[in-house]
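Notes follow the structure.
For ligands, and for the atoms within them, numbers begin at 1 and follow the listed sequence. One-based numbering along the sequence shown.
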Amino acid sequence: MNTIGIGLLGAGTVGGTLIHRLVTEHAAIAAKTGLDLQIRRVAVRDPSKPRTFDIPEGLLTTEPAEMITDPEVDLVVEVMGGQDPAGDLVLQALQAGKPVVTANKELIAARGAQLIAAAEESGVALLFEAAVGGGIPIIRPLSETLAGERLTRVMGIVNGTTNYILTRMSEEGTAYADALAQAQDLGYAEPDPTADVEGADAAAKAAILASLAFGTWVGLDHVPHSGISEITAADIRYARDLGYAIKLLGIAEDTPAGVSARVHPVLLPLEHPLSAIRGATNAIFIEGPAIDTLLFAGPGAGGDPTATAVLGDVIDAAREILAGAQVAPRIRFSEAALADFGGVPTKWYVRLEVDDRPGVLAQIAAAFGEANVSIKSVWQEGTDDEATLLIVTHRAPEDAQQDALAAVKHLDCVNAVAAAIRVESEEL
Ligand SMILES: NC(=O)c1ccc[n+]([C@@H]2O[C@H](COP(=O)([O-])OP(=O)(O)OC[C@H]3O[C@@H](n4cnc5c(N)ncnc54)[C@H](OP(=O)(O)O)[C@@H]3O)[C@@H](O)[C@H]2O)c1
């Protein structure tokens with residue numbers, strides 16, 4: 001039997017489930033893969049903590065460094081999360097010639113280039129299928145299956161919490177705060193939901209997707225992000241009337257000015273496949289000249305789906321250990337221009353509260369025009385003192401759109417810019 005010793009850093013939601021699967025499904029995995037996967041050590045913070053799954057006797061340790069020094073550990077699985085101490089432990093394991101499997105998007109987005117270089121130097125694998133999209137196979141398709149395609153764009157719903165909240169708001173008219181509270185009750189949202197709802201979690205995933213799709217490392221500081229906390233049920237209704245759903249998307253594109261990655265809410269045409277993705281489900285939509293479009297969808301989080309992705313990487317790395325080969329990185333990164341977000345063409349939906357009197361529309365159109373933004377459509381709701389204008393612009397550079405918004409905000413006839421959300425559609 002081909003025995004591989006596994007050391008785990010962490011035994012929480014993902015690690016605990018992985019241990020359970022490695023123990024209870026050992027024979028089935030061995031029958032299917034020919035591998036005898038044995039857990040050798042499990043590092044946690046608090047060994048006395050009650051756990052959802054039993055951990056076999058004698059494996060627990062509070063010394064994560066044992067994964068690096070123990071010769072019985074052939075392969076390290078990092079499922080502790082965060083950058084510190086996970087980052088240095090992963091680096092040391094790679095430098096010690098041990099392949100590493102991690103589910104840690106925060107770590108890969110922040111230190112991926114360094115860790116991939118360390119893996120290459122040692123000739124071992126660094127695999128992170130679970131870091132984006134949980135149980136959805138997306139890292140391997142992007143870095144291996146699609147390596148021969150000149151991808152043009154990757155767009156994804158990569159945060160289940162926000163998609164759940166937007167789905168409740170859209171389907172039941174629930175207010176944002178109530179939908180967030182429901183997500184917290186169901187365990188979809190953390191007690192402090194900031195990283196999810198303000199887009200930082202999705203930005204880490206968008207950085208990874210952009211890097212793999214375009215073969216150049218896109219650091220987190222090149223991924224501008226905003227979240228959904230300002231989205232109202234009213235805008236979701238207006239958007240639907242105009243033919244759009246509102247989704248929080250990570251968007252990675254190969255533009256003439258370079259690679260661009262960003263995360264923000266968008267109005268997306270109702271007929272777009274991502275508009276149909278409901279609840280906590282994640283989905284990634286990939287475009288390229290030869291494949292046209294591909295959609296990957298499924299559970300973006302949760303112990304079991306994520307453990308399946310980690311287990312797939314473990315099996316992959318274990319096979320490479322047994323083959324005894326020097327492993328080259330799945331994908332090579334080269335220097336390429338990164339687009340400045342200010343120059344990236346965007347389109348906007350803008351909801352304005354205005355005085356309803358002659359000449360108002362002309363003033364607003366002039367403000368947009370002076371910023372070189374042309375208006376595609378205007379819709380008016382209400383009359384008398386208070387009227388609501390729904391404006392959708394044509395495509396123009398992001399900086400021009402921001403100038404237009406700033407100018408409109410200062411017009412006397414505009415009482416409030418009640419909403420401003422980008423539109424993602426094929427039309428110019
Ligand atoms: N949960 C998901 O659905 C999901 C989905 C995709 C990716 N991920 C990623 O998977 C990773 C793990 O997530 P999780 O939800 O399983 O986290 P979790 O439930 O919080 O578990 C973290 C585990 O790491 C251990 N740990 C943390 N810091 C440690 C330290 N300094 N020394 C030793 N052990 C330490 C904890 O020990 P104690 O048990 O003693 O506290 C715990 O067992 C994260 O990077 C996350 O982003 C999670």
> Does CG in Asp88 sit with more than 12 non-hydrogen atoms of other residues, nucleotides or ligands closer than 6.0 Å?
Replying inline: yes
Ligand 1 versus [X], non-hydrogen atoms closer than 4.0 Å: side chain, backbone, both, neither?
| X | value |
| --- | --- |
| Pro85 | side chain |
| Ala103 | both |
| Arg45 | both |
| Thr13 | both |

> Thr388 and Glu381: side-chain donor and acceptor closer than 3.5 Å?
Replying inline: no
>> Looking only at the side chains, is there a donor atom on one of Thr232 and Arg237 sitting less than 3.5 Å from an acceptor on the other?
In response: no
Quick one: which ligand 1 atoms are inside 4.0 Å of a heavy atom on [X]?
| X | value |
| --- | --- |
| Val14 | 1 (N), 2 (C), 4 (C), 10 (O), 16 (O), 48 (C) |
| Asp46 | 40 (O) |
| Lys105 | 47 (O) |
| Ala130 | 6 (C), 7 (C) |
| Gly302 | 2 (C), 3 (O) |
| Arg51 | 38 (P), 39 (O), 40 (O), 43 (O) |
| Ala11 | 23 (C), 42 (C), 43 (O) |
| Val44 | 33 (C), 34 (N), 37 (O), 40 (O), 43 (O) |

Measure across [X] and [Y] and return the closest heavy-atom pair with its distance rounded to 0.1 Å.
| X | Y | result |
| --- | --- | --- |
| Ile246 | Pro265 | CG2-CB, 4.5 Å |
| Val154 | Ala213 | CG2-CB, 3.7 Å |
| Asp74 | Thr3 | OD2-O, 4.2 Å |

Is the closest N or O pair between [X] and ligand 1 shorter than 3.5 Å?
| X | value |
| --- | --- |
| Gly300 | no |
| Pro64 | no |
| Gly10 | no |
| Gly15 | no |

> Do the two ring centres, one from His272 and one from Tyr244, sit under 6.0 Å apart?
Replying inline: no
> Does the Glu129 side chain pair with the main chain of Ile138, one donor and one acceptor, at a distance under 3.5 Å?
Replying inline: yes
> After noting the C-alpha distance and the side-chain angles of Glu424 and Lys347, does the key distance pass the salt bridge (charged side-chain N to carboxylate O under 4.0 Å, His left out) rule?
Replying inline: CA-CA 7 Å; Glu424 198 64 37; Lys347 299 198 310 177; over 6 Å; no
> Salt bridge between Arg168 and Asp178, side-chain N to carboxylate O under 4.0 Å?
Replying inline: no
> Less than 4.0 Å between a side-chain N and a carboxylate O, is that true for Asp46 and Arg51?
Replying inline: no
>> One pair to check against side chain to side chain donor-acceptor pair (under 3.5 Å): Thr393 and Lys376. What are the steps and the verdict?
In response: CA-CA 5 Å; Thr393 72; Lys376 173 177 172 268; over 6 Å; no
>> Just to be sure I'm reading this right: ignoring hydrogens, which of Gln83, Met80, Glu63 gets closest to atom 30 (C) of ligand 1? Compare them by their nearest heavy atoms.
In response: Met80
> Among Ala65, Gly81, Gly187, which residue places a heavy atom closest to atom 44 (C) of ligand 1?
Replying inline: Gly81
>> If you scan the protein for heavy atoms around atom 20 (O) of ligand 1, do you find one that is closer than 4.0 Å?
In response: no
Return the closest protein heavy atom for [atom] as residue, atom name and distance.
| atom | answer |
| --- | --- |
| atom 6 (C) of ligand 1 | Thr306 CG2, 3.4 Å |
| atom 41 (O) of ligand 1 | Lys49 NZ, 2.7 Å |
| atom 12 (C) of ligand 1 | Val79 O, 3.3 Å |

>> Checking Glu253 against Arg262 for the salt bridge (charged side-chain N to carboxylate O under 4.0 Å, His left out) test, could you report, in this order, the C-alpha distance in whole Å, the side-chain angles of both residues, the deciding distance, and whether it holds?
In response: CA-CA 9 Å; Glu253 287 174 294; Arg262 53 198 162 103; 3.0 Å; yes
